[in-house]
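One structure below.
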Amino acid sequence: MALDLVAVALPTPLRRCFDYLVPPELRACLPPGVRVEVPFGRRQLIGLVVSAPRQAEGGGYQYKPVSRVLDPAPLAPPDWLKLVLWAAEYYQYPVGEVVAAALPAPLREGRPALGRQARRLGLTGAGRQALALLPARAHRQRALLSALAAADLQLLAGEASGFDAAVLRKALEQQWVEERDAVAEPGARTAAPPLSAAQQQALAALQSAPPGFSVSLLEGVTGSGKTELYLRLAEQTLLAGRQVLVLVPEIGLTPQLSARFAERFGAAVASFHSGMTEVERNDAWLAVAARRVQVLVGTRSAVFAPFADLGLVVVDEEHDASYKQQEGFRYHARDLALLRAKECAAMAVLGSATPALESLAHARSGRYRHVRLEQRISGRAPPPAQLIDLNVYPTRHGLTEPLLAAVSRHLEAGGQCLLFINRRGYAPTLLCEVCHWTAPCRHCDARMTLHRARGRLVCHHCGHEELPPRVCPSCGGARLLPVGEGTERIEDALRNHFPGHRVERFDAERLRGGDKLERLLDEVRARKVEILVGTQMLAKGHDFPALSLVGVVNADQALFSADFRAVERLGQLLTQVAGRAGRAEQSPHPAEVLIQTREPQNPQLRLLLGAGYGALAERLLAERAEAGLPPSGHLVLLRAEAPHMTEAQVFLRGARDLALAMLDGASEVQLLGPAPAPMERREGRYRAQLLLQASRRAPLHRLLPGWLDQLEALPAARRLRWSLDVDPIDLF
DNA sequence: AGCACGCCGACT
DNA sequence: GTCGGCGTGCTC
């Protein structure tokens with residue numbers, strides 16, 4: 001007997017879809033991309049139709065019928081669904097969970113696909129009169145009305161107004177405030193600033209890409225004005241009636257960039273990131289599908305926004321590791337963005353001052369167009385970096401005399417100083433002077449970091465906290481010494497050394513919650529802060545016009561790391577930090593970059609400082625080719641964690657044997673391990689991994705589906721946590 | 001993942 | 001005698 005069936009993706013960890021009977025009257029209502037409610041076991045679930053209804057022989061199976069269709073039309077165009085299905089296959093992750101990651105929560109849970117629209121609020125004549133007559137205690141109404149007296153409030157799709165809902169409701173009721181049409185105007189609203197000669201050249205090079213799909217790597221030093229080029233390309237795309245996706249690596253960078261886009265393009269712009277509420281994200285998502293929004297600025301997950309006609313994809317700071325999701329569905333947003341662009345015949349631009357080796361390799365092979373922007377807008381070359389040898393100069397609280405002297409010099413000349421140290425807390429180790437005991441975390445193979453102001457020892461791997469012991473728990477010795485330094489200690493040392501100068505610390509601990517980062521950055525720009533101490537969050541994207549000295553307290557951690565990407569990352573980080581200095585014309589003092597190191601002869605460090613990131617990248621690419629590592633080879637990592645190391649090892653050995661049985665001896669796929677993770681125990685669990693390596697993707701990816709089916713059937717697989725990471729960027 | 005079914009220990 | 005532990009099996 002022939003049956004009408006549709007395949008439905010459901011939110012379960014099963015790596016397959018499920019077929020449902022199509023009642024005859026619903027046959028026309030079930031195109032791919034609509035949501036349905038279906039019975040699944042004893043539950044009712046919301047799922048997504050992923051195939052057109054098809055005729056099939058029953059084969060005796062009792063299929064269940066679709067219970068309900070939620071959408072009159074597909075939620076998103078076919079290329080969106082294609083991206084979702086492709087990602088599920090490529091990352092070998094359950095389709096239903098990929099769909100769940102690609103849909104905002106309200107849609108996932110079956111809420112109707114109705115979004116709130118972009119709005120514009122304006123002050124009425126009555127409102128203007130009311131503003132003069134408001135009683136003094138009505139300060140919240142006053143704030144609202146005076147803000148609107150200055151300018152209409154333009155709210156993007158899904159954006160909160162920033163005013164209390166009750167206050168807004170009252171003002172609308174009183175007709176002090178009215179809703180006006182929020183017009184999404186194509187083209188620029190505010191005039192674009194003129195381009196430098198170098199920018200003009202780069203823009204011309206970008207624009208000379210053939211119509212349709214193309215990828216350009218825009219390699220532009222910090223301060224060279226890449227953002228203005230994105231804006232120009234976006235304007236052109238909008239005038240052609242197509243939409244724009246701009247990806248940024250982290251939420252902290254969205255306000256700046258979306259503000260610049262909104263300033264230029266008005267209501268056509270929306271943001272999308274994890275700091276928004278689910279409802280806000282839902283509104284933005286739906287507005288993109290309905291073409292009420294033309295430009296979306298967002299983090300990783302914005303790559304799944306349902307563009308109706310995507311014409312331009314920008315991936316800013318494309319080298320940034322935040323684009324790779326590090327748990328669950330481990331996708332790389334940059335890679336998916338390129339796939340997306342290809343399917344939509346859109347132009348893709350990868351922007352960075354320090355491109356990933358992957359992207360450089362593609363540029364070198366001609367697969368990407370390589371556009372360089374080597375001149376800063378200011379015309380000033382980035383300052384040269386100099387090394388301070390920690391074997392020669394003693395330190396106090398991590399700082400050498402030459403570095404402190406440089407800080408004095410720049411402060412006297414009215415410049416700002418940035419001290420970079422990629423470690424939070426006061427000191428990474430608490431050491432007993434007598435027996436050399438160090439404070440360990442009871443859940444991890446790691447030392448506890450001393451946070452002195454909080455009076456706590458904190459493990460940065462699991463979050464465990466303890467009170468520091470008074471005496472050594474091992475020998476009873478009374479002299480426990482903080483060894484090494486973190487941001488807090490550097491901050492203290494600088495406060496003591498430069499009393500009367502304002503020192504501010506920038507790290508996750510200090511800036512937790514709210515808009516503290518934004519507020520502090522404003523104070524930096526207003527020159528109220530003279531010395532900045534911080535972690536890598538200071539290296540990313542922010543503009544400090546008056547900054548003239550960058551000091552790197554210690555560059556050495558990465559030089560000893562086991563991770564094969566450590567030196568690439570160090571090169572990117574040092575280049576990005578150094579790029580914060582001397583960006584603006586009004587920089588009061590020639591800029592300087594000083595790097596403290598115990599390894600001044602390190603060849604990679606010298607190459608970076610002498611010949612720049614590009615030269616280091618060339619060297620690293622050659623090394624990767626030699627070792628068969630990315631981008632010259634391809635990796636898949638199977639991780640496992642269990643209460644005891646033997647359980648993890650037994651599972652991974654089983655996995656290895658299955659893979660060996662599936663591969664013939666001559667296969668290009670190499671298996672490495674199983675081996676314990678670099679940190680064997682973390683959060684109380686033992687971790688190990690099995691690495692698959694191949695010079696070509698095809699044989700590796702051919703292996704995966706069948707291998708995973710067998711892995712899931714392994715009895716050991718049920719008793720521990722394991723996951724597959726395709727194209728891993730960290731080896732645990 | 002959920003959610004059932006199923007077969008062994010300490011409690012009203 | 002039952003409530004409940006988590007092993008194992010299935011979900012169109």
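What you are looking at is a predicted structure, and each value in this text was computed from that prediction instead of being measured. Lettering follows sequence order; numbering is per chain, from 1.
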* **With A:His451, the side chain to side chain donor-acceptor pair (under 3.5 Å) member among A:Arg424, A:His460, A:Arg456** => A:His460
* Start at the 5' end of DNA chain B and walk down; is the nucleotide closest to A:Pro13 or to A:Arg42 reached first? -> A:Pro13
N/O to N/O distances under 3.5 Å, protein versus nucleotides 7-11 of chain C:
{"residue": "C:dG9", "atom": "N7", "partner": "A:Arg718", "partner atom": "NH1", "Å": "3.2"}
{"residue": "C:dT11", "atom": "O3'", "partner": "A:Gly41", "partner atom": "N", "Å": "3.0"}

* Can we say A:Arg15 and A:Asp709 salt-bridge, meaning some charged N sits less than 4.0 Å from an Asp/Glu carboxylate O? -> yes
* Asked: Rounded to the Å, how far apart are A:Gln44 CD and B:dG2 P?
  -> 16 Å
* Asked: Who passes side chain to side chain donor-acceptor pair (under 3.5 Å) against A:Gln326, sequence neighbours left out?
  -> A:Asp730
* Length of the CG-P vector between A:Asp19 and C:dC12, whole Å -> 11 Å
* Asked: Side chain of A:Arg300, backbone of A:Ser322: donor and acceptor closer than 3.5 Å?
  -> yes
* Structure fact -> Checking A:Leu310, A:Leu296, A:Asp283 against A:Val288 for side chain to side chain contact (heavy atoms under 4.5 Å, CB included), the one that qualifies is A:Leu296
